[in-house]
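Below is one structure, written out as structure tokens; comments come after it.
Side-chain atoms are counted along with the backbone in the values below, which use heavy atoms only and exclude waters and symmetry mates.
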Amino acid sequence: MRVLQLGNGGGLDFNQTNSSFLIEVNGEYILFDCGFNVMERLLKLEKEDPRFSIGHLDNVYISHNHMDHIGNLESLIYYKKFVLNNKPLNIFTNSDNCPELKKFLPSSELKSGRKVYAKMCNLHKMYPDNEIKQSYFKLEMFETYHPGSVSAGIIVSTNSSAVMITGDTKAVESIETLYNKKQPDLIFHDYSEWDNPSRNVHACDADMKSEYSLEFKEMLIPYHTGKSFKEDWYDL
């Protein structure tokens with residue numbers, strides 16, 4: 001398994017790619033969130049990394065419906081369909097996000113020939129255990145606490161490795177509990193340096209200190225910060 005952080009920009013940062021991750025398992029790719037400038041980053045990556053092809057990106061997980069997480073989703077769907085003539089994109093999210101997310105997607109079918117652009121997969125409805133088992137990996141969803149929006153994170157695992165990405169969230173005890181149960185190799189956690197837990201809808205130092213053990217806090221890789229980040233692949 002390989003993991004690449006594509007961007008680290010927050011919702012009001014328009015000068016860099018929004019927070020997003022690309023996960024590769026045996027040539028299959030999962031994209032975690034698809035905000036503004038993600039398509040530009042994917043096209044650039046395709047030129048730089050001979051192992052990556054957008055044509056092999058078949059699965060997208062959307063944590064929630066804010067535009068910095070879905071702003072390029074429609075572009076990705078159209079690119080795969082009309083430029084690559086590729087098979088439909090599988091879009092995974094949870095029940096609460098489905099109705100609103102569909103408003104931002106192109107029609108799922110064209111009346112002429114009924115060509116499918118994308119397949120919306122409601123995890124709660126289609127997969128009661130909130131997990132999907134593909135040929136080489138398993139994707140598990142877990143709900144988080146992002147005030148004003150229903151958000152969720154994922155754990156992607158193989159027989160030998162796993163990565164956990166929280167999506168936008170406050171610090172909540174259930175995340176550490178799940179981490180201790182699943183023991184992923186890496187965990188990327190939403191973080192904001194605006195240290196006002198009563199008004200901040202993202203995790204900050206104060207609520208991390210109140211909710212997490214020091215040992216767990218030191219394991220977290222903060223993202224959504226708008227700052228520099230590791231731009232190379234993590235090999236697990």
Side-chain angles (χ1 to χ4, degrees), residues 1-9 16-63 67-93 97-98 101-102 104-123 126-127 131-141 154-159 161-163 165 167 188 230-236:
M1 179 188 291
R2 298 191 301 161
V3 182
L4 179 67
Q5 186 172 354
L6 297 176
N8 202 31
Q16 63 170 302
T17 304
N18 289 133
S19 299
S20 179
F21 294 85
L22 188 66
I23 304 165
E24 184 265 330
V25 182
N26 282 20
E28 295 188 31
Y29 289 91
I30 307 157
L31 180 66
F32 181 87
D33 283 339
C34 192
F36 298 117
N37 298 327
V38 167
M39 269 303 299
E40 180 181 355
R41 181 71 182 91
L42 290 174
L43 289 167
K44 184 173 183 288
L45 179 65
E46 196 170 41
K47 293 179 179 179
E48 297 172 343
D49 188 340
R51 294 174 59 183
F52 173 67
S53 168
I54 296 176
H56 294 156
L57 172 56
D58 298 327
N59 305 291
V60 176
Y61 184 84
I62 299 298
S63 63
M67 292 305 293
D68 58 316
H69 296 266
I70 64 172
N72 264 187
L73 181 58
E74 184 179 68
S75 298
L76 176 59
I77 292 169
Y78 280 141
Y79 186 85
K80 281 178 61 67
K81 184 63 184 177
F82 294 110
V83 176
L84 301 180
N85 194 27
N86 209 224
K87 59 185 178 181
L89 194 65
N90 297 314
I91 302 170
F92 301 103
T93 190
N97 286 336
C98 275
L101 185 58
K102 285 182 178 179
F104 294 95
L105 300 180
S107 173
S108 61
E109 295 179 340
L110 289 173
K111 291 183 179 179
S112 175
R114 300 182 67 81
K115 297 178 181 178
V116 178
Y117 290 173
K119 296 178 180 179
M120 175 71 76
C121 302
N122 181 330
L123 274 177
M126 298 175 65
Y127 304 93
E131 66 178 46
I132 305 159
K133 294 181 179 178
Q134 301 282 48
S135 53
Y136 297 113
F137 64 86
K138 180 171 70 173
L139 185 155
E140 302 171 77
M141 183 203 76
I154 61 170
I155 298 175
V156 177
S157 59
T158 67
N159 291 333
S161 59
V163 60
I165 310 172
F188 296 90
K230 179 182 175 180
E231 298 187 38
D232 296 328
W233 289 92
Y234 292 84
D235 289 300
L236 305 185

Roughly how far apart are T17 OG1 and L6 CG, rounded to 0.5 Å? 7.5 Å

Which residues pass the side-chain hydrogen bond (donor to acceptor under 3.5 Å, both in side chains) test with D33, sequence neighbours left out? S63, H69

Point-to-point distance, once rounded to the nearest 0.5 Å, from CG of N8 to NZ of K230: 14.0 Å

Spacing of L73 atom CG and I91 atom CD1 [to the nearest 0.5 Å]: 4.5 Å

Can you tell me which residue pairs pass the salt bridge (charged side-chain N to carboxylate O under 4.0 Å, His left out) test with a partner in residues 39-53, sequence neighbours excluded? R2-D49, E24-R51, K44-E48

With rounding to the nearest 0.5 angstrom, report the CD1 to CZ distance, I23 to F32. 8.0 Å

From K80 NZ over to N85 CG, what is the distance, rounded to the nearest 0.5 angstrom? 10.5 Å

Least distance between heavy atoms, S20 atom then L31 atom: OG-CD1, 3.4 Å

Tell me the closest heavy-atom pair linking N72 and G35, and the distance in Å. CB-O, 3.2 Å

Please examine the side chains of F52 and L42, heavy atoms only from C-beta on, and report whether any two atoms are closer than 4.5 Å. yes

Identify the heavy atoms of N86 and G55 that sit nearest to each other, and give their distance. OD1-O, 3.0 Å

Does any part of the side chain of F137, heavy atoms only, come nearer than 4.5 Å to the side chain of M1, both counted from C-beta? no

Does any non-hydrogen side-chain atom of I54 lie less than 4.5 Å from one of V83? no

side-chain hydrogen bond (donor to acceptor under 3.5 Å, both in side chains) partners of S161, counting only residues at least two apart: T158

Dump the intermediate steps for side chain to side chain donor-acceptor pair (under 3.5 Å) on D58 and N90, then the final yes or no. CA-CA 6 Å; D58 298 327; N90 297 314; over 6 Å; no

Results of side chain to side chain contact (heavy atoms under 4.5 Å, CB included) for K138 - residues two or more places apart only: E131, K133, E140, S157

Residues forming a side-chain hydrogen bond (donor to acceptor under 3.5 Å, both in side chains) with N37, sequence neighbours excluded: none

Testing the basics here: between V38 and N18, what is the closest heavy-atom pair and its distance to 0.1 Å? CG2-O, 4.4 Å

Of all the heavy-atom pairs spanning L89 and L57, show the shortest one and how long it is. CD1-O, 3.5 Å

What is the distance from atom SG of C34 to atom CD of E74, rounded to the nearest 0.5 Å? 11.0 Å

Partner of V3 by side-chain contact (heavy atoms from CB on, under 4.5 Å), out of L236, D235, L22: L236

Nearest non-hydrogen partners of M67 and F36, listed with the distance: O-CE1, 3.6 Å

Are there more than 12 heavy atoms of other residues, nucleotides or ligands under 6.0 Å from atom CG of N26? yes

Tell me, please, which residues at least two apart from F21 pass ring-ring contact (aromatic ring centres under 6.0 Å, His included). F188, Y223

